[in-house]
Amino acid sequence: MVTRRELLLGTAGGWLVEQVWAGEAAGSASADTLTALAGKKPLIRRALRPPNFETPLADLAAPFTRNDAFFVRYHLAVVPHVDPAAWRLQIAGASAQRPLTLSLKELRGGFEHVSVVAVNQCAGNRRGLFTPRVPGVQWGNGAMGNARWRGVRLRDVLQRAGVAPDALEVVFDGADSPVLPATPDFLKSLPIERALDENTLIAFEMNGQPLPHWNGAPARLIVPGWVGTYWVKHLTAIRIEPQPFDGFWMKAAYRVPTGAFPGRRFASQENAETTPVTELMVNSLITSHVSGARLRRGERVELAGKAWDGGASPATSRARACGAGSAWSSPARRGTAAPASRGWRCPPTAGRAGVRRRCSLIWDALRGASSTSPSTPRGPARWTWRCGRAAAAARSSPTN
Amino acid sequence: MTGAGRRAAALLTAPVLAGASALLWAAAGAEGIQLKDAPGRDLTTGRCILCHSLEYIPSNAPAMNRAAWQKSIQKMKERFGAPITDEEAKQILDYLDGSYSGKS
């Protein structure tokens with residue numbers, strides 16, 4: 001539990017360690033403020049409280065995103081430092097046959113350890129790049145990261161508690177809480193089948209290290225392929241329930257128009273108008289060049305980027321240039337990624353900048369044969385303000 | 001958070017709300033953000049920073065107009081339980097619309 005003093009310290013900016021300008025650090029013209037939370041390198045500050053910090057483009061280039069560069073996203077401003085020795089995880093609910101409570105030692109020692117590589121991406125990533133602009137945290141490209149997560153299968157823990165045949169959803173609560181008692185606490189639910197999926201984990205390690213505080217220590221949920229809103233941090237309670245969970249963050253937030261997007265449906269939370277956002281959509285990002293980069297005509301360009309999606313079939317990608325007098329297109333490649341990975345792929349590609357004037361470099365991500373990402377961020381304000389789900393190909397526009 | 005934790009949080013926040021407005025004001029300064037000077041700024045700052053720092057206001061301005069601000073204030077009041085009276089809500093709306101409506 002956070003003390004009053006800690007709350008006020010947090011309120012008064014006690015999280016702050018260092019502040020620089022993104023423009024100076026990244027060599028870009030961006031006026032974004034970089035601020036370091038304790039234990040993090042300077043990240044793009046979208047909001048100090050609740051903490052919302054974005055990974056700079058340069059830190060998205062590596063195959064795995066460093067823990068101290070990994071984005072931070074909270075809805076509620078009271079984020080206690082959890083003592084791992086005192087931490088307990090409660091597993092209960094109307095459809096739990098043998099409710100139990102686990103210490104971190106019992107969680108680590110009582111179940112098989114497994115790891116998965118997966119992209120954690122906020123549902124609202126790239127909201128700030130939409131035209132027209134939509135309200136919400138104005139994320140650029142960096143409300144995401146790729147990591148190797150290690151922990152135990154949620155399934156194994158749930159089965160220890162006994163999953164009754166009538167189980168419909170599993171509800172997750174974390175230690176973070178609102179400032180005002182009247183504000184809805186951040187609880188999320190998963191359909192029982194997704195909770196029992198072998199890749200859904202309770203993780204206590206990230207890239208071989210204990211989870212950083214700002215990424216959910218001592219244990220968080222990992223839901224590979226699903227948007228970050230389900231990856232509940234600082235887990236404290238899990239409930240197996242026979243009814244659809246009725247909380248604000250399921251019924252009123254993170255919803256999109258029913259039938260508007262591909263991906264898994266969350267049937268017990270769906271109504272005729274809206275449905276919860278679930279899987280990541282096929283997506284891509286150029287990491288080697290920033291928008292507005294200048295190239296010499298004929299220069300050989302080494303392009304680097306990522307392709308990822310939330311489905312079982314990983315994204316392939318290809319780079320191409322378009323615009324007046326533009327040059328080249330690379331064949332679609334899969335790149336390399338860990339086996340059975342839900343992480344992003346980073347195929348290398350190169351070409352010569354044959355452009356005369358302004359052109360766009362586009363990094364297409366493809367799922368299967370037919371699905372490709374749209375070339376610009378888009379989406380009607382009606383749904384994007386609610387979820388900001390950005391299905392965007394990264395676009396860079398070099399000139400010479 | 002558990003039920004017990006929630007009750008503790010409720011006990012915790014009551015004195016904070018009652019007795020720490022000066023500290024919260026200091027917090028707005030420490031967070032390095034000041035809203036534009038216009039009538040209603042102090043009220044808006046005082047109510048908003050109870051739960052969140054002020055970056056949200058300028059960063060969202062390009063997406064906002066009067067109707068959007070009205071909706072946002074209503075959401076804070078009704079969904080998130082922000083302690084804002086109807087009269088205060090009107091002053092806050094006038095201020096935000098006057099200073100931070102960037103959408104045509």
Side-chain angles (χ1 to χ4, degrees), chain A residues 1-4 6-16 19 33 35 45-52 74-78 80 88 90 127-128 130-139 173-187 234 236-237 248 252-253 381 384-385, chain B residues 1-17 19-33 47-65 67-69 71-72 75-84 100 102-104:
Chain A
M1 170 50 56
V2 67
T3 65
R4 181 179 166 187
E6 282 167 347
L7 173 61
L8 291 174
L9 274 177
T11 307
W15 296 335
L16 270 177
Q19 206 166 131
T33 304
T35 299
R45 167 174 153 184
R46 297 293 171 206
L48 180 62
R49 181 174 52 87
N52 285 291
Y74 284 88
H75 283 280
L76 306 174
V78 181
R88 295 291 182 274
Q90 216 176 49
R127 181 188 288 113
F130 274 69
T131 303
R133 297 283 292 270
V134 287
V137 178
Q138 298 296 303
W139 298 113
D173 191 6
D176 45 326
S177 65
V179 174
L180 300 172
T183 305
D185 197 3
F186 188 74
L187 275 73
H234 319 287
T236 54
F248 171 84
T384 50
W385 80 263
Chain B
M1 175 178 280
T2 63
R6 182 172 270 288
R7 281 190 295 280
L11 289 173
L12 167 75
T13 48
V16 170
L17 295 180
S21 60
L23 273 168
L24 288 168
W25 263 107
E31 290 171 358
I33 310 143
R47 291 298 179 271
C48 297
I49 65 168
L50 277 178
C51 294
H52 62 83
S53 51
L54 298 174
E55 298 99 326
Y56 291 96
I57 294 170
S59 71
N60 273 284
M64 302 302 273
N65 56 20
W69 278 124
K71 204 168 168 179
S72 176
K75 179 180 168 190
M76 296 301 161
K77 260 172 70 89
E78 292 171 10
R79 299 280 201 170
F80 295 129
I84 300 172
Y100 292 102
K103 188 168 120 183
S104 51

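Sequence lines set the chain letters: A, B, ... in the order given, protein chains first and strands last, and positions in each chain run from 1.
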**Message:** Between Phe80(B) and Leu76(A), is the side chain to side chain contact (heavy atoms under 4.5 Å, CB included) condition met? List the steps.
**Reply:** CA-CA 11 Å; Phe80(B) 295 129; Leu76(A) 306 174; over 6 Å; no
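Proximity of a side-chain donor or acceptor of Ser53(B) to a complementary backbone N or O of Leu48(A) within less than 3.5 Å is detected. Of the possible polar contacts, one joining the Asn60(B) side chain to the Gly136(A) backbone as a donor-acceptor pair under 3.5 Å is found.
Minimum interatomic distance between Arg79(B) and Ala252(A) (heavy atoms only, all atoms of both residues): NH1-CB, 3.6 Å. Considering every non-hydrogen atom in both Leu50(B) and Val179(A), the closest pair reads O-CG1, 3.4 Å.
The closest side-chain heavy-atom distance from Pro50(A) to His52(B) is below 4.5 Å.
A salt bridge does not link Glu55(B) with Arg46(A): none of the charged nitrogens is closer than 4.0 Å to a carboxylate oxygen.
Within a 6.0 Å sphere centred on CZ of Arg88(A), other residues, nucleotides and ligands contribute more than 12 heavy atoms.
Of the listed residues (Ala82(B), Ala63(B), Ala61(B), Ser59(B)), the one with the most heavy-atom contacts under 4.5 Å to chain A is Ala63(B).
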